[in-house]
Amino acid sequence: MSAPSIPKGTRDFTPVEMARRNYIFDTIRSVFMLYGYQPIETPAMENLSTLMGKYGEEGDKLLFKVLNSGDFLAGTDEKSLLARDSNKLLKHVSEKGLRYDLTVPFARFVVQHRNDIVFPFKRYQIQPVWRADRPQKGRYREFYQCDVDVVGSNSLIYEAEMARIAEDIFQRLGISVIIKLNNRKILAGIAEVIGEAGRITDITVAIDKLEKIGLAAVNDELRQKGLSDEAVTNLQPILKLQGSNQQKLEKLTAILEHSETGLKGIEEMKTVFSYLDALKLTAEVQLDLTLARGLNYYTGAIIEIKARDIQMGSISGGGRYDDLTGIFGMPGVSGVGISFGADRIYDVMHELSLFPESTTQTTRVMVANFGGEAELAGLSFLYRLQKAQISSEMYPEPAKMKKQFTYADQKKIPFIVIIGSEELSTGQYQVKNMVTGEQQKYSPAEIVAKLLGLNI
RNA sequence: GUGAUCGUAGCUCAGUCGGUUAGAGCGUCAGAUUGUGGAUCUGAAGGUCGCGGGUUCGAGCCCCGUCUUUCACCCCA
């Protein structure tokens, strides 16, 4: 039999890793709750009809599809079978898929539960998502997203709240970040004024690469996508836009003076900046026009967060979506949210050594096992410790002391209680502090009291 | 999806031009120490060289396929 394995891009997590992951999850969760968000969960699988077409063409390809159970070929027609036409075959053999993000399932959830929800609805959701991507640095096929969203309000206060939450979380985790902001309306306005209103996606995807491949290559790509030379020329001042956020907004106001949408986007951006000011944001916030984000449901603000001092994709991203619920038959409900990539945050913290040493929580007390009557007394005392809410365990057999102590040492258990024949006769148990090496005798009641008081 | 790349003991890695029985450090286990961990010393166990096929008298090493890892593109948390 060959060694067992797990699918490409998936991972096991050891107790040490889980302690660190939980540290991240706990931090994120407590901030979400602090800002008044409530948890929900949705199934790992959604109907394919819920997922398809929400993430762009590329997203559809990256969806994991689940084969129908039973005789999955029953509903297929011979023509597409013989033609090996996977696309046509798909809808007959698969009707479910693994969730690709948490935002679309959330929109579905809101529509389905609209009568039970108080709007504006503030929810958080921490669950894994799956993408059939090729794994690479910071990219997995199964990873956790931690989403906060609020639906049922157009208030730009929530845009600012997303940034506020992000800063709060990353401050607590000790990660220094840059918050990048943009607005789809500004992007739409740009497309409008250069005379290519229908090409927002191509334009944004191309200018998103500005930093990576440079101005010339972006222009080449734009022409290749079919933009006129004139449009590309008109785009240049926008691509070359520099200065402070305010200066950029002023220049943009002039450039977009004939685009109503564009001006609205600028107005929104200014309002968000004023809110951020009031919320005392201290992280660097950049107006970044190259920030586009491929997910095609965003309509207003776009937010993305990158860690400083490290080469890693964005560790958090989100934005405003005006009509995601409309796709599911509930129009006119606007939402805004942000997603934190727990696995990338882990990788950043690991590489920058930001985890506190004490994330691993283990047993606090081990009761040594001497067998016979001593074993029974040990068990009784063990239960007494556990009733007092002290995390404790007993060594399972009367092995050599060396072995029992080595076990406690390796598990970093800070205390050992020794109950042997001598202790049984005096009623005074030995307590060894594994950090200092000190050892003293106490009555059982004293031990419990001491451990509760020590709080180590 | 396209193009590269990696895989040898639990971990990190050596392994010459294709040549006998594949090595080291760390870790593990046992003992030195029969009621006391970390340090030291002694010893031991541990391998289908990712998997499958091929070339060869002979393959860890060469060739093909496959899986996995890492990386770039695409896209993204």
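Values below: all heavy atoms of this structure, side chains included; hydrogens, waters and symmetry mates excluded. The chains referred to below are lettered A, B, ... by the order of the sequence lines, with proteins before strands, and numbering in each begins at 1.
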Enquirer: Does the structure show a Watson-Crick or G-U wobble partner for A72(B), both distances under 3.5 Å? Name it, or say none.
Expert: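 Pairing partner: U2(B).
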
Enquirer: Grab the OH-P distance between Tyr407(A) and G35(B) for me, whole Å please.
Expert: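 In whole Å, G35(B) P lies 21 Å from Tyr407(A) OH.
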
Enquirer: Please state the C1' separation for the pair C51(B) and C67(B) - nearest whole angstrom.
Expert: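 Nearest-Å result for C51(B) against C67(B) at atom C1': 7 Å.
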
Enquirer: G37(B) and C13(B): how far apart are their P atoms, nearest whole angstrom?
Expert: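 Pairwise P distance, G37(B) against C13(B), rounds to 33 Å.
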
Enquirer: In whole Å, I'd like the distance from the CD atom of Glu57(A) to the P atom of C74(B).
Expert: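 Rounded to the whole Å, the gap is 16 Å.
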
Enquirer: What contact category does Tyr144(A) fall into here, base, sugar-phosphate, or nothing, at under 4.0 angstrom with non-hydrogen atoms?
Expert: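 Nothing: the residue Tyr144(A), judged by heavy atoms under 4.0 Å, touches no strand.
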
Enquirer: If we require ring centres under 5.5 Å and near-parallel planes under 30°, does Phe143(A) stack on A77(B)?
Expert: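 Whether judged by distance or by angle, Phe143(A) passes, so it stacks on the base of A77(B).
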
Enquirer: With C1' as the reference atom in both, quote the distance from C62(B) to G18(B) in angstrom, rounded to an integer.
Expert: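 Between the two C1' atoms, the distance is 8 Å.
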
Enquirer: With the side chain of Gln430(A) defined as its heavy atoms from C-beta on, choose the nearest nucleotide among G3(B), G35(B), A77(B).
Expert: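 Per side-chain heavy atoms of Gln430(A), the pick is G35(B).
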
Enquirer: Within the 4.0 Å heavy-atom criterion, would you say Gly9(A) contacts the bases, only the backbone, or no part of the nucleic acid?
Expert: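 Counting heavy atoms under 4.0 Å across all strands, the contact made by Gly9(A) is with sugar-phosphate only.
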
Enquirer: Paired with G58(B) by Watson-Crick or G-U wobble geometry, both distances under 3.5 Å: which nucleotide is it?
Expert: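 None - no nucleotide pairs with G58(B), as no candidate has both distances under 3.5 Å.
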
Enquirer: In whole angstroms, how far is the P atom of U68(B) from the CG atom of Asp133(A)?
Expert: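 It works out to 14 Å between those atoms.
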
Enquirer: Between Tyr346(A) and Phe143(A), does the ring pair (Phe, Tyr, Trp, His ring centres under 6.0 Å) criterion hold? Intermediate values first, please.
Expert: CA-CA 11 Å; Tyr346(A) 183 101; Phe143(A) 60 97; over 10 Å; no

Enquirer: Using Watson-Crick or G-U wobble geometry with both distances under 3.5 Å, which nucleotide pairs with U34(B)?
Expert: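 Partner of U34(B): none.
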
Enquirer: Return no unless some side-chain N or O of Gln410(A) is found under 4.0 Å from OP1 or OP2 of G37(B).
Expert: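 Checking G37(B) against Gln410(A), no side-chain N or O comes under 4.0 Å of OP1 or OP2.
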
Enquirer: P atom, C41(B) versus G50(B): distance in rounded Å?
Expert: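 Those two atoms are separated by 34 Å.
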
Enquirer: Using the side-chain heavy atoms of Asp409(A), tell me which of these nucleotides is nearest: G31(B), G38(B), U36(B).
Expert: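 Nearest nucleotide to the side chain: G38(B).
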
Enquirer: Using atom OH of Tyr297(A) as one end and atom P of C76(B) as the other, report the distance to the nearest whole Å.
Expert: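 Taking OH of Tyr297(A) and P of C76(B), I get 10 Å after rounding.
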
Enquirer: Counting heavy atoms from C-beta on, name the nucleotide in G35(B), G37(B), G31(B) closest to the side chain of Lys400(A).
Expert: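 So the nucleotide nearest the side chain must be G31(B).
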
Enquirer: Which part of the nucleic acid does Lys432(A) contact within heavy-atom distance under 4.0 Å: base, sugar-phosphate only, or nothing?
Expert: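 Counting heavy atoms under 4.0 Å across all strands, the contact made by Lys432(A) includes a base.
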
Enquirer: Of the nucleotides U36(B), U2(B), C73(B), which has the atom closest to the Gln136(A) side chain?
Expert: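 My answer, after comparing the listed nucleotides, is C73(B).
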
Enquirer: Any donor-acceptor pair under 3.5 Å between the side chain of Arg131(A) and the base of C75(B)?
Expert: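 Check fails, no donor-acceptor contact within cut-off.
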
Enquirer: Separation of Met401(A) atom CE from U33(B) atom C1', in whole Å?
Expert: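 About 14 Å, once rounded to whole Å.
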
Enquirer: Rounding to a whole Å, what distance do you find between Asp149(A):CG and A77(B):P?
Expert: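 So the CG-P distance, Asp149(A) to A77(B), works out to 13 Å.
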
Enquirer: Among C74(B), C75(B), U69(B), find the nucleotide with the atom closest to the side chain of Leu62(A).
Expert: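 When the side chain of Leu62(A) is considered, C75(B) is the closest of C74(B), C75(B), U69(B).
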
Enquirer: Taking atom types as modelled, is there a side-chain donor on Arg134(A) or Gln136(A) under 3.5 Å from an acceptor on the other?
Expert: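 Arg134(A) vs Gln136(A): no donor-acceptor pair found between side chains.
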
Enquirer: Applying a 4.0 Å non-hydrogen cut-off, can you work out what Phe340(A) is touching in the nucleic acid: base, sugar-phosphate, or nothing?
Expert: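 Here Phe340(A) touches no strand at all.
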
Enquirer: Any chance CD of Glu397(A) has more than 12 other-residue heavy atoms, nucleotides or ligands included, within less than 6.0 Å?
Expert: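 Above 12, so yes.
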
Enquirer: Using salt bridge (Lys or Arg N to Asp or Glu O under 4.0 Å) as the criterion, list what pairs up with Arg99(A), not counting sequence neighbours.
Expert: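 Not a single residue meets the salt bridge (Lys or Arg N to Asp or Glu O under 4.0 Å) criterion with Arg99(A).
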
Enquirer: With respect to the side chain of Phe370(A), which nucleotide from G35(B), C76(B), G37(B) is positioned closest?
Expert: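 For the Phe370(A) side chain, the nearest candidate turns out to be G35(B).
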
Enquirer: Using atom C1' of each nucleotide, how far apart are U5(B) and U69(B) to the nearest Å?
Expert: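 Going atom to atom, C1' in each nucleotide, I get 9 Å.
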
Enquirer: Please give, in whole Å, the distance from C67(B) C1' to Ile6(A) CD1?
Expert: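 The distance from CD1 of Ile6(A) to C1' of C67(B) comes to 13 Å, rounded to the nearest Å.
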
Enquirer: Check this one for me: any side-chain N or O of Lys402(A) less than 4.0 Å away from OP1 or OP2 of G37(B)?
Expert: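 No.
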
Enquirer: Looking only at N and O atoms, is any donor in the side chain of Arg134(A) or the base of U2(B) less than 3.5 Å from an acceptor on the other one?
Expert: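 Between U2(B) and Arg134(A), which were checked side chain against base, a qualifying N/O pair under 3.5 Å is present.
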
Enquirer: Heavy atoms under 4.0 Å, any strand shown: does Ile418(A) hit a base, just sugar-phosphate, or nothing?
Expert: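 If one applies the 4.0 Å heavy-atom cut-off, Ile418(A) turns out to touch a base.
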
Enquirer: Within a radius of less than 6.0 Å around CD of Glu373(A), do more than 12 heavy atoms belonging to other residues, nucleotides or ligands occur?
Expert: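 Incorrect, the count does not exceed 12.
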
Enquirer: Mind checking the P distance from G27(B) to A22(B)? Whole angstroms is fine.
Expert: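 It comes out at 25 Å once rounded to the nearest Å.
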
Enquirer: Considering only the P atoms, how many Å lie between C29(B) and G38(B), rounded to the nearest integer?
Expert: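 Approximately 11 Å lies between the P atom of C29(B) and that of G38(B).
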
Enquirer: Give a yes or no on this: more than 12 heavy atoms of other residues, nucleotides or ligands lie within 6.0 Å of atom CE of Met52(A).
Expert: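 More than 12 within 6.0 Å, yes.
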
Enquirer: Atom NZ of Lys61(A) and atom P of U2(B): how far apart are they, to the nearest Å?
Expert: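 It works out to 11 Å between those atoms.
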
Enquirer: Look through every strand shown and name the nucleotide pairing with U12(B) as Watson-Crick or G-U wobble, where both distances are under 3.5 Å.
Expert: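 Check on U12(B): paired to A24(B), both distances under 3.5 Å.
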
Enquirer: Assign each of Glu58(A) and Thr436(A) to its nearest nucleotide of RNA chain B by heavy atoms, then name whichever residue's nucleotide is nearer the 5' end.
Expert: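 The residue whose closest nucleotide sits nearer the 5' end is Thr436(A).
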
Enquirer: I want to verify a distance call: between U68(B), U36(B), A77(B), whose nearest atom is closest to the Phe405(A) side chain?
Expert: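 Nearest to the side chain of Phe405(A) among the choices is U36(B).
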
Enquirer: Heavy atoms only, 4.0 Å cut-off, all strands: where does Gly437(A) land among base, sugar-phosphate and nothing?
Expert: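 Result for Gly437(A) = base.
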
Enquirer: If every non-hydrogen atom of Gly138(A) is compared with every non-hydrogen atom of Tyr140(A), which pair is closest and at what distance?
Expert: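 Minimum heavy-atom contact is C-CE1, 4.0 Å.
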
Enquirer: Using distance alone, with no hydrogens and no angle criterion, decide if Thr436(A) and Glu438(A) have a side-chain donor and acceptor under 3.5 Å apart.
Expert: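 Side chains of Thr436(A) and Glu438(A): pair found under 3.5 Å.
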
Enquirer: What is the nucleic acid contact for Val348(A), judged by heavy atoms within less than 4.0 Å: base, sugar-phosphate only, or nothing?
Expert: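 The answer is nothing, as Val348(A) stays clear of every strand by at least 4.0 Å.
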
Enquirer: Would you check if there is a donor-acceptor pair between the side chains of Asp149(A) and Gln125(A) at a distance under 3.5 Å?
Expert: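 Looking only at side-chain atoms, Asp149(A) and Gln125(A) do not form any donor-acceptor pair under 3.5 Å.
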
Enquirer: Could you please name the option among U2(B), A77(B), U70(B) that lies closest to any side-chain atom of Pro135(A)?
Expert: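 Closest of the options to the side chain of Pro135(A): U70(B).
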
Enquirer: So which nucleotide does G43(B) pair with, by the Watson-Crick or G-U wobble rule with both distances under 3.5 Å?
Expert: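 Paired with G43(B), as far as the under-3.5 Å criterion goes, is C29(B).
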
